[in-house]
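Quick caveat: nothing in here was measured; it's all calculated off a predicted structure.
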Amino acid sequence: MQLQSVKAIHGSLIVNGSAKLKHSASKLVSLYVECGKLLTARRLFDDIPERNAPRWIMLIGALARRGHYDEAVDVFSEMHHEGIEPNQFVIPSVLKACGHIADQKLGRALHGFSFRRWLDHDAFVSTALIDMYSKCGAVVIAMKVFKQMAEKDLVALNAMVSGYVSHGLALKALRLVEEMELEGLKPNVFTWNSLISGFSQAGDDATVAKLFESMRVNGLEPDVVTWTSIISGMVQNFRNKEAFATFKRMLGQGLRPTSATISSILSACATVTNLNRGKEVHGYSLAIGVESDVYVRSALIDMYAKCGLVAAAGALFSAVPKRERATATWNSMIFGYANHGYCHEAVELFTQMEPKKLDHLTFTAALTACANAGLVELGQSLLRSMRDLYRIEPRLEHYACVVDLLGRAGRLTDAYDLVRAMPVEPDRFVWGALLGACRSHGNVELGEVAAMRVAELEPGFSGSAVLLSGLYSDAGRWSNAAKMKKMIKKLRLKKAPGSSWIESN
């Protein structure tokens with residue numbers, strides 16, 4: 001419902017004197033949450049004379065339904081502090097929120113509470129637990145919950161299938177579906193689409209074709225979600241021409257693309273920097289009314305930026321009201337600026353974001369900008385703040401960015417110290433960033449250490465050996481350089497050829 005309509009209803013209730021009645025006030029709270037007006041909703045909620053369990057459940061449910069997961073958890077904490085015990089109606093909403101914000105600690109606590117109160121026998125609670133554990137990466141525990149269900153239904157099966165697929169375990173998902181079919185649980189369109197999505201992402205065309213046909217054999221016609229899953233998988237595997245061809249086939253079937261379909265096709269346009277096709281898709285998105293969708297708009301920003309039209313990307317970004325900008329929208333624009341040398345603009349955008357909207361990709365984009373602009377102190381500060389201030393655990397790509405940043409600035413010792421202090425095992429990209437910096441600054445000793453580590457992590461790849469050979473040559477150590485070149489030939493190490501993506505007419 002539109003905000004203006006909600007305000008009209010609210011005004012009418014005030015006029016006839018029923019706005020503060022429990023039922024009316026509760027309904028208004030829910031409507032304002034649906035419109036994203038959380039402050040108004042909370043003020044109305046606080047004015048309700050008797051805030052009993054159903055009122056709390058209504059607010060928490062509305063917040064979780066509309067994606068305000070942190071707020072849902074905060075309200076649940078308030079409810080708990082007021083001495084109101086959770087029940088089977090509110091626990092699924094809170095578990096949904098836990099899954100989306102990866103709060104497995106609270107999720108486990110609710111699981112324990114549900115077990116003690118026998119609430120875990122409720123189908124909705126069990127399904128929510130499966131979904132929460134899957135989203136938090138604990139698919140083994142999710143499967144235990146599924147197996148312990150006395151009566152397994154299709155909703156729970158689909159939650160488990162989605163969990164497997166989201167972690168690249170499509171084959172396990174298929175085996176589970178086959179097992180449940182033998183027990184009489186017949187898959188629906190959602191089940192088939194999840195499986196097709198999983199195998200498409202894995203690039204397994206043969207299984208995708210079999211599943212596609214199996215749907216029809218079971219009396220289910222592949223829908224737009226099915227086709228979108230296949231297209232998305234092709235794009236993720238850089239099979240962009242096939243993605244474009246499949247998109248045309250889908251249109252030929254008379255199916256209307258969704259915002260998800262358009263977003264995937266725009267990603268393909270961005271990958272091959274096909275501006276003309278990207279503009280065509282942009283026009284088509286306007287024609288079918290999905291251009292204003294947050295993910296389509298983010299994909300458009302990304303496409304125009306990658307095609308070199310940073311001003312066009314910026315215009316699209318500015319056209320989105322700040323309150324409506326999703327994390328993906330901010331990330332697309334920050335990456336666009338960072339990758340085209342507008343590093344200070346990228347950092348400025350980062351500072352404008354609400355803390356709750358920051359994610360791993362946001363920090364990768366901001367750190368990329370810092371590395372490109374030589375903003376050493378800011379980059380180091382951002383890395384520290386991830387864990388200390390925003391409770392986001394730095395990943396390998398974040399460390400690689402900061403190692404690159406320090407290396408470019410010539411601070412090789414600091415870069416090496418950071419690598420050694422990492423709480424996770426550095427990968428070849430982290431060591432490669434250090435090795436590249438050693439080549440740029442002529443540090444042979446540290447370069448040898450980095451090259452050795454890269455070789456250990458990827459023995460058949462010649463990148464580290466080539467860099468080290470160049471480092472020896474730059475330092476005038478010709479015998480060492482010659483030995484490295486002989487070793488590359490003798491071991492027949494693979495050298496990745498230089499390449500770029502572009503599609504021409």
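The environment of Arg420 atom CZ is dense: over 12 non-hydrogen atoms of other residues, nucleotides or ligands sit within 6.0 angstrom. Within a 6.0 Å sphere centred on NZ of Lys186, other residues, nucleotides and ligands contribute 12 heavy atoms or fewer. Around atom CZ of Phe115, no more than 12 heavy atoms belonging to other residues, nucleotides or ligands sit under 6.0 Å away. Under a cut-off of 6.0 angstrom, the local environment of NZ in Lys172 is sparse, with at most 12 non-hydrogen atoms contributed by other residues, nucleotides or ligands. Annotation: Leu39, atom CG; neighbour count of heavy atoms from other residues, nucleotides and ligands within 6.0 Å does not exceed 12.
Ring pair His100/Tyr69 is parallel by interplanar angle, where below 30° counts as parallel and above 60° as perpendicular.
The salt bridge (Lys or Arg N to Asp or Glu O under 4.0 Å) check on Glu345 picks up nothing, with sequence neighbours excluded. Remark: Asn331 pairs with Asp359, Thr362 by the side-chain hydrogen bond (donor to acceptor under 3.5 Å, both in side chains) rule, at least two apart or across chains.
The CG atom of Leu157 sits 8.5 Å away from the CG atom of Asp153 when rounded to the nearest 0.5 Å. Atom-to-atom distance recorded for Arg325:CZ and Met333:CE is 10.5 Å, nearest 0.5 angstrom. Atom CE of Met143 is separated from atom CG of Leu169 by 11.5 Å, given to the nearest 0.5 angstrom. Here the CG atom belonging to Asp103 is positioned 7.5 Å from the SG atom belonging to Cys136, to the nearest 0.5 angstrom. Atom CG of Leu349 sits about 11.5 Å away from atom OG1 of Thr329, to the nearest 0.5 Å. Summarising the geometry, atom CD1 belonging to Ile101 is positioned 13.0 Å from atom NZ belonging to Lys96; distances are rounded to the nearest 0.5 Å.
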> Run the side-chain contact (heavy atoms from CB on, under 4.5 Å) check on Tyr164 and Leu171 step by step: do they pass?
Replying inline: CA-CA 9 Å; Tyr164 272 143; Leu171 191 58; over 6 Å; no

>> Test side-chain contact (heavy atoms from CB on, under 4.5 Å) on Leu110 and Met132; report intermediate values, then the result.
In response: CA-CA 11 Å; Leu110 285 169; Met132 181 275 296; over 6 Å; no

>> One pair to check against side-chain contact (heavy atoms from CB on, under 4.5 Å): Met79 and Leu59. What are the steps and the verdict?
In response: CA-CA 11 Å; Met79 184 188 93; Leu59 178 58; over 6 Å; no

>> What verdict does the side-chain contact (heavy atoms from CB on, under 4.5 Å) test give for Arg43 and Tyr32, after you've listed the backbone C-alpha separation in whole Å, the side-chain angles of each residue and the deciding distance to 0.1 Å?
In response: CA-CA 11 Å; Arg43 189 173 66 251; Tyr32 275 114; over 6 Å; no

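With respect to the salt-bridge test (charged N to carboxylate O, under 4.0 angstrom), the residues Lys356 and Glu71 qualify. With respect to Arg297 and Glu291, a salt bridge is recorded, a charged nitrogen being found less than 4.0 Å from a carboxylate O. Classification of Glu178 and Arg175 as a salt-bridged pair holds, one side-chain N sitting under 4.0 Å from a carboxylate O. Salt bridge present: Arg42 and Glu78 bring a charged side-chain N and a carboxylate O closer than 4.0 Å.
In this structure, the side chain of Lys152 engages the main chain of Met149 through a donor-acceptor pair within 3.5 Å. Side-chain atoms of Ser332 come within 3.5 Å of backbone N or O of Ser298 as a donor-acceptor pair. A donor-acceptor pair under 3.5 Å is formed between the side chain of Ser385 and the backbone N or O of Leu382. Not a single donor-acceptor pair under 3.5 Å links the side chain of Asn237 to the backbone N or O of Arg239. Panel note: side chain His398, backbone Leu383; no donor-acceptor pair is recorded below 3.5 Å. A side-chain donor-acceptor contact under 3.5 Å links Thr351 to the backbone of Glu348. A donor-acceptor contact shorter than 3.5 Å links the side chain of Asp427 to the backbone of Phe429. Under the 3.5 Å distance criterion, the side-chain polar atoms of Ser232 are left unmatched by any main-chain donor or acceptor of Thr228. Remark: the backbone N or O of Gln88 is not paired with any side-chain donor or acceptor of Arg117 at under 3.5 angstrom. Listed for the Ser381 side chain is no donor-acceptor partner under 3.5 Å among the backbone atoms of Glu377.
Judged purely by distance below 3.5 Å, without hydrogens or angles, the side chains of Glu242 and Thr246 never pair a donor atom with an acceptor atom. Counted by atom type alone, Asn188 and Thr191 present one or more donor-acceptor pairs between their side chains at under 3.5 Å.
For the ring pair (Phe, Tyr, Trp, His ring centres under 6.0 Å) condition, the pairs that include at least one residue of residues 186-231, sequence neighbours left out, are Phe212-Trp227.
Centroid-to-centroid, the aromatic rings of Trp330 and Phe317 come within less than 6.0 Å.
Phe350 pairs with exactly one of Phe363, Tyr337, Phe335 by the ring pair (Phe, Tyr, Trp, His ring centres under 6.0 Å) rule, that one being Phe363. The one candidate from Leu211, Thr207, Val165 that meets the side-chain contact (heavy atoms from CB on, under 4.5 Å) condition with Ile196 is Leu211.
Taking both residues in full, the closest heavy atoms of Leu405 and Gln380 are given as CD2-N, 4.5 Å, listed atom of the first, atom of the second, then distance.
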